[in-house]
Amino acid sequence: MGHEGEEQQDTPLIRASYDPSGDGSAELSSRTGTVWTAMAHIITGVIGAGVLSLAWSTAQLGWVAGPVGIIVFAAITLLSTFLLCECYRSPDPECGSTRNPSFVQAVEFYLGEYPVRYLSKNQSELQAIQKSNCYHKEGHKAACEYGDNIYMLLFGGVQIFVSQIPDFHNMAWLSIIAAIMSFTYSFIGLALGLAKLIENGEIKGSIAGVPADNVADKLWLAFQALGDIAFAYPYSTILLEIQDTLKSPPPESQTMKNASTAAIFVTTFFYLCCGCFGYAAFGDSTPGNLLTGFGFYEPYWLVDFANACIVLHLVGGYQVFSHPVFAFAERWFNEKFPNSGFMISFYSIKLPLLPAFQLNPFRLCFRTAYVVCTTAVAMIFPYFNQVLGLLGALNFWPLAIYFPVEMYLVRSNIGAWTRKWLLLQAFSIFCLLVSVVALIGSMQGLIIAKWS
């Protein structure tokens, strides 16, 4: 292991992590991203294991409101994405000299002054593989229960290693693998739903969705379902990081809009197929997750494979949402301690069967501590999914809607009470109302989970 010193700071690898210009953006020569790599990053961030829960959401809303809700939120996400893409460069969105390579920097620039969820989902997928094998051997009525902590620790250990990937510019391969995994388990869930539908010989479900004991209970379930759909799309906190990896020309905003349109179209297709086929197959008995809920027991090996694909996808998904946090923290500490050897020194390490890579002491310590903390949080909270639903409801409107709208208004110099200003404010208020009702539904679900 050889010490490389401060002179190593001028290499492209280090410039991608610590930009001497101070704006956190990568050098033009190191930005090689294309519409395809951007799509891979987006799909990795957006299509999570939650796609398999959309059948439950569709069941709560019914055959009309369920599919319409998925399409409406796809349109909302695309609009907010287009607004945010315009904020990457300033003053001109295509050739402006100032770049905002992260969501936080863009908010600070225009307005003045997060991946724990993947850990909570991961343990259920690993546990589901054991359960599937148990049900296959012992029968579908067997009591197949397993502890969570060992799987959380294993996943956290993998993330400590993978978290040493320097930044988004070096993550294209991981996002591509994760995107392939998401397509794989989505196809499996879709195929199993279709097979079950054919086996039943009928399309289950109704216009109104799953019946409830009273109107209030039905509203709670509908609110939760809307929240699940709403939070299945946005990726605003990672959009500008992805856009910062794109080569130019063509303008980054143009490439990002094309990638976002294609990725959201693909995502919506899978969401509709998994949601509708799952509801059609199981009707009022639709589980919260087609694979881990056990909507399907057999073929157990295929269910195992699908759950393994989810685990691999969540490895990439965790990294996609963690790297903006890493970049923000490393940029802040680098500004506070610009001459610290702990911050700027890099070491060349060569492991057997692996290419040599650069290791920074601060990066190793901070990212390891971050993974350890998120793993601990996911292990401690017994109702972690419900807690995350609550946090998602709190974050959806400000992060995915309010900030993109306000930044776009500032960048485009749109005056108050003009037609465009009124339309964008109406859009923001509508999404705020959705976020409020989803928050109410999530709080009610958390209370039930706690006291039932």
Side-chain angles (χ1 to χ4, degrees), residues 35 38-51 53-54 57-58 61 65-88 103 106-107 114-115 117 175 179 182-183 186 225-243 252-275 317 320-321 324 388-389 391-409 423-439:
V35 66
M39 284 180 61
H41 286 311
I42 295 169
I43 291 172
T44 298
V46 175
I47 299 185
V51 65
S53 69
L54 288 177
S57 300
T58 304
L61 297 172
V68 169
I70 292 175
I71 294 173
V72 167
F73 281 108
I76 289 174
T77 302
L78 192 60
L79 175 56
S80 66
T81 295
F82 276 30
L83 297 178
L84 193 54
C85 286
E86 296 285 311
C87 299
Y88 174 66
F103 187 81
V107 171
Y114 317 54
R117 64 181 183 180
S175 288
S182 68
F183 284 134
S186 296
L226 283 175
D228 287 349
I229 296 173
F231 311 142
Y233 276 108
Y235 54 99
S236 58
T237 55
I238 60 173
L239 185 146
L240 293 179
E241 277 88 352
I242 298 173
Q243 192 164 337
E252 300 95 343
S253 60
Q254 176 184 325
T255 304
M256 194 65 193
K257 288 178 181 178
N258 292 337
S260 295
T261 301
I264 291 175
F265 177 83
V266 171
T267 299
T268 302
F269 171 78
F270 278 105
Y271 283 3
L272 285 171
C273 288
C274 289
V320 164
F321 279 97
L388 287 177
L391 294 176
L394 290 171
N395 292 330
F396 168 69
W397 179 71
L399 296 182
I401 306 299
Y402 174 77
F403 284 132
V405 167
E406 294 301 316
M407 287 190 290
Y408 178 80
L409 292 174
L423 287 174
L424 288 174
Q425 293 297 342
F427 167 70
S428 181
I429 292 172
F430 168 77
C431 293
L432 172 61
L433 295 176
V434 171
S435 190
V436 169
V437 299
L439 175 62

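All residue numbers in this chain count up from 1 along the given sequence.
- Taking the side chain as every heavy atom from C-beta outward, Phe403 and Leu84 never approach each other to under 4.5 Å.
- Qualifying salt bridge (charged side-chain N to carboxylate O under 4.0 Å, His left out) partners for Glu406, counting only residues two or more places apart in sequence or in other chains: none.
- Of the inter-residue distances, the one linking Cys85 atom SG with Glu252 atom CD reads 10.5 Å to the nearest 0.5 angstrom.
- Note: Phe82 CZ to Cys87 SG = 13.5 Å, rounded to the nearest 0.5 Å.
- Residue Leu399 comes nearest to Phe103 through the heavy atom pair O-CZ, 3.4 Å, listed as atom of the first residue, atom of the second, then distance.
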Test side chain to side chain contact (heavy atoms under 4.5 Å, CB included) on Tyr88 and Leu239; report intermediate values, then the result.
CA-CA 9 Å; Tyr88 174 66; Leu239 185 146; over 6 Å; no

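- Using cut-offs of 30° and 60° for the angle between ring planes, the Phe183 and Phe270 rings count as tilted.
- Contact annotation: the side chain of Tyr408 never approaches that of Pro404 to less than 4.5 Å [non-hydrogen atoms, C-beta and beyond].
- Heavy-atom minimum distance, Met256 versus Ala38: SD-CB, 4.4 Å.
- Closest of all the heavy-atom pairs between Ser80 and Ala400 is CB-O, 3.2 Å.
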Where do Leu409 and Leu83 land on the side chain to side chain contact (heavy atoms under 4.5 Å, CB included) test, with the steps shown first?
CA-CA 9 Å; Leu409 292 174; Leu83 297 178; over 6 Å; no

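- Of all heavy-atom pairs spanning Ala179 and Ala40, the tightest one is CB-O, 4.1 Å.
- Proximity of Val72 to Ile229: side-chain heavy atoms (C-beta onward) are nowhere separated by under 4.5 Å.
- Separating the OG1 atom in Thr261 from the CE atom in Met39 is a distance of 10.0 Å, to the nearest 0.5 Å.
- Counted within 6.0 Å of OH on Tyr402, heavy atoms from surrounding residues, nucleotides or ligands total 12 or fewer; the atom is thus considered open.
- Considering only heavy atoms from C-beta on, Tyr233 stays 4.5 Å or farther from Ile76 through its side chain.
- Contact check for His41 versus Ile238: no side-chain heavy atoms found under the 4.5 Å cut-off.
- The shortest side-chain heavy-atom distance between Lys257 and Glu86 falls under the 4.5 Å cut-off.
- Ser260 and Thr81 get closest at one heavy-atom pair: OG-CG2, 3.2 Å.
- For the side chain to side chain contact (heavy atoms under 4.5 Å, CB included) test, residues two or more places apart in sequence or in another chain that qualify with Leu432 are Trp397, Val436.
- For the atom pair Leu54 CG and Leu272 CG, the distance stands at 9.0 Å (nearest 0.5 Å).
- Closest heavy-atom contact between Ser57 and Ala225: O-CB, 3.6 Å.
- With hydrogens and angles ignored, the 3.5 Å screen pairs no side-chain donor or acceptor of Thr58 with any backbone N or O of Gly66.
- Contact annotation: the side chain of Thr267 never approaches that of Ile42 to less than 4.5 Å [non-hydrogen atoms, C-beta and beyond].
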Working for side chain to side chain contact (heavy atoms under 4.5 Å, CB included), residues Phe73 and Thr268:
CA-CA 9 Å; Phe73 281 108; Thr268 302; over 6 Å; no

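- Contacts of Tyr235 classified as ring pair (Phe, Tyr, Trp, His ring centres under 6.0 Å), with partners at least two apart in sequence or in another chain: none.
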